[in-house]
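Notes to accompany the following structure.
Heavy-atom basis, side chains included; hydrogens, waters and symmetry copies ignored. Chain letters run A, B, ... following the sequence lines, proteins first, then strands; residues in each count from 1.
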Amino acid sequence: MLEKKYNHLEVEQGKYESWKSNGLFDSGKNNGKPFCIVIPPPNVTGKLHLGHAWDTTIQDIMIRYKRIQGFDALWVPGMDHAGIATQAKVDKKLREEGIDPRSMDRADWLKVAWDWKKEYAENIHKQWAKLGLSLDYNKERFTLDEGLSKAVRTVFVRLYEEGLIYRGERMINWDPLAKTALSNEEVIYKDVEGAFYHIKYPLVGSDEYLDIATTRPETMFGDTAVAVNPSDERYQKYIGKKVILPLVNREIPIVGDEHADPDKGTGCVKITPCHDMNDYEVGLRHNLEKIVVINPDGTMNENALGYQGLDRFDAREKLVQELEEKGYLLKIEKIIHSVGHSERTDVMVEPYLSKQWFVKMHPLADKVLENQKNKNTKVKFLPARYEKIMNHWMEITYDWCISRQLWWGHQIPAWYKDDQVYVGMKAPEEEGWVQDGDVLDTWFSSALWPFSTLGWPDITEDFKKFYPTSVLVTGYDIIPFWVNRMTFQGLHFTGQRPFEYCYIHGLIRDKEGRKMSKSLGNGVDPMDVIEEYGADALRYYLSTSTAPGTDLRYDEEKVKSTWNFINKIWNASRFVLMNIEDLESESLEDLTMADKWILTRLEMTIKNVTKYMDKYEFQNVNAVLYKFIWEDYCDQYIEMAKFAMDNVSTKSTLRYTLIAILKMLHPFMPFVTDEIYKQIPLVCDDITTSDYPMIDKSLIFSDEERQVNDQIEFMRVFRNKKAELQLTKEYKVYLKNNVDYDMISKMLKWDGHITLEKLEAKAYEVSYREYEVILYDEHEETEEDKEKRQKEINTLKQSIEKREKLLANEAFVKKAPASLVEQEKEKLKSEKKKLEQLEGE
RNA sequence: GGGCGUUUAGCUCAGUUGGUUAGAGCAUCUGCCUUACAAGCAGAGGGUCUGCGGUUCGAGUCCGUAAACGCCCACCA
């Protein structure tokens with residue numbers, strides 16, 4: 001028998017391990033149609049946050065729904081090695097231990113990193129278990145494991161052979177802290193306070209000078225030109241002339257280039273080809289000299305004269321001082337401008353000229369754009385609007401810098417010997433070849449996740465059966481990093497979309513709508529929530545609180561009320577189990593009106609829930625289920641059933657409906673439904689792998705359903721009247737007609753209140769449809785009643801006095817919104833009326 | 001500069017292909033310890049669906065427009 005109160009800790013204890021050891025999550029156990037989701041692999045850098053809980057719960061609901069429907073459901077677990085993020089954390093740990101990570105041998109460092117991975121992976125496994133995720137651990141993968149490495153090398157080699165991967169010297173985004181190249185997607189632009197430093201660049205052989213405004217004066221050592229717009233009448237005349245670079249005393253040319261915008265700054269712009277993306281292009285156009293002035297670690301190099309060795313920001317400060325002292329500084333103009341920061345280390349990225357590996361994007365992106373035109377083969381986004389985000393990215397994309405100067409990742413399968421380059425699956429046999437020391441961008445391997453986890457490049461049984469996968473679930477912030485890349489890689493290498501549907505959810509925010517972040521300290525650990533309210537409550541809350549694609553404001557109160565809902569289900573189940581213990585076999589013959597009513601409602605519920613589940617509209621599933629369970633099943637049907645407990649049909653209906661409810665809830669709240677289901681008499685299967693409720697047309701009784709609806713509505717009207725008259729015991733009911741009042745009279749406890757003749761007492765007509773009665777008020781006022789009434793009169797009088805005063809206040813009547821005044825008048829009127837009534841009685 | 005989203009009860013949010021009286025949770029008010037549940041039951045109050053215009057027999061829903069807030073992309077000497 002169930003405990004009196006729902007105790008999530010007890011219910012959830014040990015369940016996951018038992019599910020897992022009984023193989024309930026394993027794929028390949030039935031002959032159903034394949035349904036497959038690959039988990040977005042969490043980074044092995046830390047613990048899961050609420051966003052993960054949300055993301056994985058949605059997937060678990062989909063998987064459990066399909067599994068219970070008889071699909072061969074496969075949910076592939078796995079984790080991401082998360083290159084920069086993990087390396088940064090491992091390095092930090094080493095530094096805290098007093099070890100300089102870069103002085104270590106690469107192999108030794110990797111050992112430390114793998115230990116880290118092991119520890120954190122274990123953590124994540126524990127959290128997945130707490131959340132109740134029905135992952136098939138037989139298929140678990142890691143982005144750095146053997147099979148996935150093979151997939152990565154295969155893709156690299158093929159793209160190289162196809163001319164879609166190349167190595168070249170380009171301007172890239174450089175992270176001076178992690179000392180690695182970044183892709184454009186890894187650069188986060190932030191508004192920061194800065195300044196326009198106006199610097200005097202004297203013209204050669206003249207007293208004139210150009211006013212150059214720059215936000216980065218420290219790069220001036222690398223200036224190799226000044227550009228003005230050829231159409232800018234102010235400066236046209238200087239094109240071809242030269243200026244002297246202050247302090248450096250180097251002569252640099254003034255060039256005419258469209259890049260110079262007459263409306264920006266002063267209209268003349270210094271050109272630093274090695275430290276600015278646009279300047280690099282200008283440099284190429286005008287064949288300018290390239291001078292690097294900043295080291296990979298963000299300090300100034302030997303070209304920066306006396307500033308060598310100084311950090312770029314310290315150098316800026318000192319340089320500005322020197323410029324001022326020497327009279328070159330015209331003015332400093334404070335501005336707010338947006339500056340690129342590294343996504344992982346948060347330091348300002350440095351545009352940097354370096355030799356890196358790139359993926360040529362346009363041929364790959366064009367394939368996606370082409371494929372999205374075909375309704376049958378495209379990736380279908382839910383909500384559909386997110387398709388535009390992907391398509392736009394495909395249109396404007398540029399070559400993807402994939403090499404990273406890190407140790408943690410897939411080492412690039414390229415070997416060098418003198419001037420030769422070899423790209424292949426294995427090192428060349430011949431001696432003297434040295435492998436590229438760089439690794440690939442983490443997203444390069446993540447991009448292959450939907451097929452590499454299924455065994456590709458080998459055409460395995462799993463790959464044949466489950467690819468393309470059914471749905472991918474992720475947040476909209478991950479579309480550029482991951483969804484887009486999986487899509488073009490999937491199309492290119494498998495000829496198919498990697499997933500049929502892409503379900504996009506929003507971000508978790510705090511109650512005030514702010515992003516949850518470490519710096520704000522407003523993060524919520526899902527494990528704490530589970531401890532307090534249970535995984536079922538958290539899961540149900542997260543999955544049903546918003547429509548797809550929109551952000552979710554985390555509100556603990558709502559988790560609490562979800563807990564209440566589960567407690568309600570628990571107690572209803574408890575009642576049912578207490579009453580059907582002796583049921584020998586289920587029989588849905590000889591049904592009562594109430595039985596027919598709830599069964600009809602159940603069929604409608606199954607229909608709607610299935611419809612919404614199929615569309616993954618979980619918030620709508622909740623609306624339907626919550627109402628059915630709480631209002632129809634608990635508040636109405638169970639109350640009615642209490643009068644028919646010796647009925648086998650009623651017991652059977654209670655059981656039949658409860659089972660359907662539990663199965664519909666199971667994908668959302670696996671723990672509690674499993675616990676209750678196990679205890680239902682005559683049940684001997686596992687709810688996880690049982691079967692989903694199906695509509696049974698023989699259990700739809702429209703006439704009875706309508707009739708009971710009318711009875712319920714009548715009871716509501718009657719109770720209403722009773723409450724209004726504050727009647728408790730002293731009343732009589734006269735039935736005006738001969739219709740069936742049996743259930744009504746039981747539910748309203750009319751026993752002893754029914755009169756067969758009309759009375760002289762105060763009478764009120766109460767009716768709904770065919771149900772018509774007269775309610776006689778026989779209530780005589782007691783001392784207690786009088787006191788109560790007097791108290792009410794007093795508070796009413798006080799309120800009236802206050803309101804009259806307010807309305808007498810001319811300022812209020814004049815200045816306050818007319819509607820408010822009107823409202824106050826209305827209130828006053830009704831209060832006076834009520835007072836009259838009370839005093840008259 | 002280009003694009004997208006949001007705006008519905010005091011708060012947080014649902015609202016399907018346009019269709020009776022726009023819903024829920026929490027909060028508020030009234031009355032109940034009725035043996036499944038007081039973390040509950042029976043009721044009540046609370047909305048010009050951001051403003052304006054249009055299409056329609058009918059608009060929270062479709063179209064146009066304005067505003068506020070938020071996001072994405074691009075640019076930012």
Side-chain angles (χ1 to χ4, degrees), chain A residues 2 4-6 184-185 189 191 194 196-199 212-217 219 223 226-227 259-261 264-272 276-279 282 335-340 383 385-386 388-389 392-393 395-397 476-477 479-480 506-507 509 511 513 515 541 544-547 549-579 608 611-612 615 617-620 622-623 626-627 630-631 634-635 638-639 642 715-724 726-728 747-749 788 792 819:
Chain A
L2 299 182
K4 187 158 176 182
K5 235 179 219 176
Y6 163 55
N184 294 0
E185 283 72 23
Y189 284 86
D191 279 345
F196 267 140
Y197 299 91
H198 290 255
I199 305 169
I212 306 285
T214 177
T215 54
R216 304 209 54 200
T219 63
D223 287 2
V226 165
H259 165 62
D261 182 344
K264 263 188 205 165
T266 56
C268 358
V269 54
K270 68 192 206 55
I271 300 298
T272 323
D276 183 281
M277 301 282 178
N278 291 311
D279 291 5
V282 177
I335 53 159
I336 302 281
H337 64 151
S338 135
V339 176
R385 64 173 183 272
Y386 286 106
K388 278 187 242 165
I389 309 275
H392 182 241
W393 187 90
E395 279 159 16
I396 62 156
T397 186
Y476 56 71
D477 54 327
I479 294 172
L507 302 177
R509 295 174 178 281
K511 229 185 144 183
K515 252 188 196 173
Y541 161 69
T544 62
S545 290
T546 57
T550 52
D551 290 350
L552 184 143
R553 289 193 188 196
Y554 178 75
D555 183 353
E556 191 181 328
E557 283 301 310
K558 288 194 163 191
V559 184
K560 214 169 173 175
S561 72
T562 305
W563 189 97
N564 287 352
F565 176 46
I566 300 175
N567 187 47
K568 185 75 184 176
I569 295 161
W570 180 266
N571 275 293
S573 304
R574 187 165 169 264
F575 171 82
V576 174
L577 294 179
M578 275 164 57
N579 285 285
N608 287 325
K611 180 177 85 184
Y612 291 132
K615 296 202 280 182
E617 290 176 5
F618 304 133
Q619 80 286 1
N620 288 332
N622 168 54
Y626 190 95
K627 206 172 154 72
W630 203 307
E631 294 176 15
C634 295
D635 291 347
I638 286 184
E639 292 307 318
K642 283 177 182 171
M715 290 192 277
R716 201 184 63 78
V717 174
F718 184 86
R719 284 175 177 136
N720 229 320
K721 194 72 196 170
K722 236 183 91 188
E724 187 191 312
Q726 300 196 329
L727 292 182
T728 49
M747 292 281 283
L748 294 176
K749 302 191 168 57
K788 229 183 206 170
E792 204 174 335
S819 61

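Distances from the side chain of A:Tyr476 to the nucleotides B:G40, B:C76, B:C71 place B:C71 closest. Checking B:A44, B:G15, B:U12 against every side-chain atom of A:Arg553, the shortest atom distance belongs to B:U12. The A:Met578 side chain lies nearest to B:A36 when the options are B:A36, B:C75, B:A24.
Not a single donor-acceptor pair, N or O on each side, falls under 3.5 Å between the base of B:C26 and the side chain of A:Lys558. Within 3.5 Å, no donor on the side chain of A:Glu631 pairs with an acceptor on the base of B:A24, nor the reverse.
Distance CG/A:Leu507 to CG/A:Asp477: 5.0 Å, rounded to 0.5 Å. Separating the CG atom in A:Asn567 from the CD1 atom in A:Ile569 is a distance of 9.5 Å, to the nearest 0.5 Å.
Across all strands, A:Lys721 comes closer than 4.0 Å to no nucleic acid atom at all (heavy-atom distances). Nucleic acid contact class of A:Ala227 (heavy atoms, under 4.0 Å, all strands): none. Across all strands, A:Phe565 comes closer than 4.0 Å to no nucleic acid atom at all (heavy-atom distances).
Side chains of A:Asn622 and A:Tyr541: a donor-acceptor N/O pair is absent below 3.5 angstrom, by distance only.
Nucleotide B:A36 forms a pair with no other nucleotide shown, judged by Watson-Crick or G-U wobble geometry with both contacts under 3.5 Å.
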